[in-house]
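Reading through the structure tokens given below for one structure.
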Amino acid sequence: MRALIFLLALFLRPSTPPPAQSPIRFHDVASEVGITKVPYTSPEMRYLLETMGGGIGLFDCDGDGKLDIVTVNGSSIEHYLHGGDPMITLYRQDANLHFTDVTQAAGLTTKGWGMGLAIGDFNNDGLPDIYVAGYGHNVLYQNMGGCKFKDVTQQAGVAGGGFSVGAAWGDYDRDGNLDLFVSRYVNSDIHNLPQPGAKALSYRGLPIEVPISEGQSDLLFHNRGDGTFEEVGVKAGVSNPDKRLGMGVTWGDYDGDGWPDLFVANDQGPNFLYHNLHNGTFEEDAMLLGVALSQDGHPMGNMAGDFGDYDRDGKFDLVVTRYGYQPMTLYHNQGDEGFVDTTWNVNIHQLNYSPVRWGSGFADFDNDGWPDIFVATGNVSPLVDTLPDELKYREPIQLYRNIDGSSFKEMADISGLNDGPLQSRRGTAFGDINNDGNVDVVVYNEGAPPSVFLNETKNSNHSVLFQLIGTKSNRAAIGARMTVATAKMTQIDEVHGGGSYLSSNDARLHFGLGQDAVMKTVEIQWPSGQKEVLDNVAADAIYTVVEGKGIVKTTPFTRP
């Protein structure tokens with residue numbers, strides 16, 4: 001009888017639930033694929049120059065169809081006063097998922113203090129060029145072919161100067177030549193930094209500089225089409241005469257009129273949303289449209305923004321990251337009524353814990369047709385770890401999975417993004433590194449090698465990548481909008497030349513298609529104004545589309 005009772009109890013005992021399974025799965029493969037160099041970071045990290053961190057980018061430097069990785073390098077006060085450090089590092093993907101540091105061989109040797117970068121083909125020769133924003137001077141590297149670059153900053157007239165941080169390419173006048181916007185931060189003099197005891201060098205009793213000085217004007221370089229640029233920020237109405245503290249920048253046609261608009265995240269002040277007036281000038285409408293301040297009308301410590309249509313209603317919404325203790329905000333685009341803060345409605349708020357958030361962006365990581373949100377976090381200096389109640393220097397990544405366009409679920413831990421040591425992270429870039437149809441992520445880490453998060457998600461969903469090449473439009477097709485319709489869903493996206501926090505994504509447009517294996521229509525609105533429609537396009541491939549010629553190349557995904 002006892003044996004029977006024991007067996008019955010064992011049978012009826014509640015079973016231990018199986019471990020939760022994530023619909024999205026990442027693995028940091030940086031050390032395995034050769035990404036091991038630590039971007040130079042000052043060990044003290046007391047001054048703003050030392051704490052800002054930098055950007056990262058994904059692009060194909062040599063046209064071999066494989067994405068390469070470029071990351072910004074910082075410096076230190078002492079190093080900079082003696083010439084600085086090489087401003088970027090380039091890793092070429094020389095085999096499937098193996099990278100080699102080719103910085104010196106590529107000619108990327110200009111020294112200084114790097115902050116942000118933007119990738120774009122400024123001379124329409126079919127080769128992606130690199131613009132580096134930094135303290136003191138900026139650099140334009142022209143791609144000479146074969147992953148070799150030449151510093152053409154002086155002859156092009158884009159040195160900038162001051163405390164440049166964010167940069168993004170966009171053809172704002174639609175003349176077929178890429179223009180360049182550069183945001184600038186505080187008015188900082190490296191020869192006259194605040195000394196211990198000064199108000200500027202004190203954060204909760206720690207010797208960390210806080211941005212209390214005035215900002216600097218922003219810059220807009222108009223491309224003349226002959227390899228040179230003219231600075232037209234004042235004339236175009238985007239110079240920031242109030243000298244707010246510019247951070248991340250991104251172009252995006254938020255109103256769907258075919259002309260690129262410009263969003264600028266400003267630290268400790270209202271953001272800018274410049275509406276393109278189609279005549280070479282802009283109108284600043286952030287306050288009118290509802291994206292300048294927090295929901296309760298306060299200026300915030302804004303870091304960066306990204307456009308994406310998270311609910312598939314055909315309009316670009318906006319996500320904005322902010323400093324610690326301040327909510328990241330998702331603004332829903334209501335068309336003529338502007339934007340509304342929908343953060344609480346879609347469940348991406350955090351009541352008790354808001355870390356310092358930097359790089360962020362929309363990407364469909366599980367190919368279900370709903371864009372998810374990735375967020376890099378980390379405080380400004382390791383000195384904050386001496387305060388028991390302060391946000392930590394190294395913080396967990398956040399990943400908000402889009403459930404159905406009306407709600408998100410945070411699942412970074414279960415997806416594997418925080419399996420390794422925590423880092424203090426800054427810029428992020430998204431792209432399909434191994435051409436398998438899944439979006440991967442690379443992240444800039446302070447004082448550590450970049451992270452390369454390979455997307456190992458496995459499901460039966462379909463996806464597609466489009467590489468667009470302009471003819472009448474700028475060759476990189478920056479600003480081109482795609483509308484992809486299947487039997488069950490319609491999605492939009494645009495090619496961008498910079499975004500997130502001081503970073504650049506893969507220029508190829510990715511769409512998750514769920515269970516739909518065929519796209520009924522693919523519509524491309526080119527920056528030139530030309531519209532092109534493709535019918536019955538199969539999923540699970542990389543398509544190269546040339547303006548006016550349709551699909552010229554099809555490459556199947558390299559799925560295991």
Between Asp62, Thr100, Thr103, Asp68, which is the residue that forms a side-chain hydrogen bond (donor to acceptor under 3.5 Å, both in side chains) with Arg92?
Asp62

Can you tell me if Asn187 and Ser213 form a side-chain donor-acceptor pair at under 3.5 Å?
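On atom types as modelled, these side chains do not qualify, holding no pair under 3.5 Å.
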
Regarding Ser360 and Asp306, is there a side-chain donor-to-acceptor distance under 3.5 Å anywhere?
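Not at all, the side chains of Ser360 and Asp306 share no donor-acceptor pair under 3.5 Å.
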
Quick one, [X] and [Y] - any side-chain contact, counting heavy atoms below 4.5 Å?
X: Leu49; Y: Ile77; answer: yes
X: Phe181; Y: Asp179; answer: no
X: Pro396; Y: Leu417; answer: no
X: Gln398; Y: Phe374; answer: no
X: Phe263; Y: Val320; answer: yes

Which atom pair, heavy atoms only, marks the closest approach of [X] to [Y]?
X: His510; Y: Asp364; answer: CE1-O, 3.4 Å
X: Ala477; Y: Ile469; answer: CB-N, 4.4 Å
X: Met303; Y: Tyr501; answer: O-CD1, 3.8 Å
X: Asn223; Y: Phe122; answer: ND2-O, 2.9 Å

Under the side-chain hydrogen bond (donor to acceptor under 3.5 Å, both in side chains) test, residues paired with [X] that sit two or more places apart:
X: Glu395; result: Tyr353
X: Asp28; result: Ser451
X: Asn418; result: Asp413

With under 30° as parallel and over 60° as perpendicular, where do the rings of Tyr131 and Phe221 fit, or are they tilted in between?
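Ring orientation, 0 to 90° scale: tilted.
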
Verify whether the ring centers belonging to Phe466 and Tyr543 lie closer than 6.0 Å.
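Centroid distance Phe466-Tyr543: below 6.0 Å, so yes.
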
Given the ring of Trp259, does Arg174 sit roughly above its face, with NZ or CZ under 6.0 Å from the centre of the six-membered ring and within 45° of the axis?
yes

Passes side-chain hydrogen bond (donor to acceptor under 3.5 Å, both in side chains), Arg244 versus Asn302? Steps please.
CA-CA 11 Å; Arg244 296 177 189 170; Asn302 304 290; over 6 Å; no

What residue among Tyr47, Phe163, Tyr185 forms ring-ring contact (aromatic ring centres under 6.0 Å, His included) with Tyr135?
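Of the listed options, the one satisfying the test is Phe163.
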
Under the criterion salt bridge (Lys or Arg N to Asp or Glu O under 4.0 Å), I'd like the reasoning laid out for Glu209 against Arg46: C-alpha separation, chi angles, the key distance, then a yes or no.
CA-CA 6 Å; Glu209 185 181 6; Arg46 293 183 300 168; over 6 Å; no

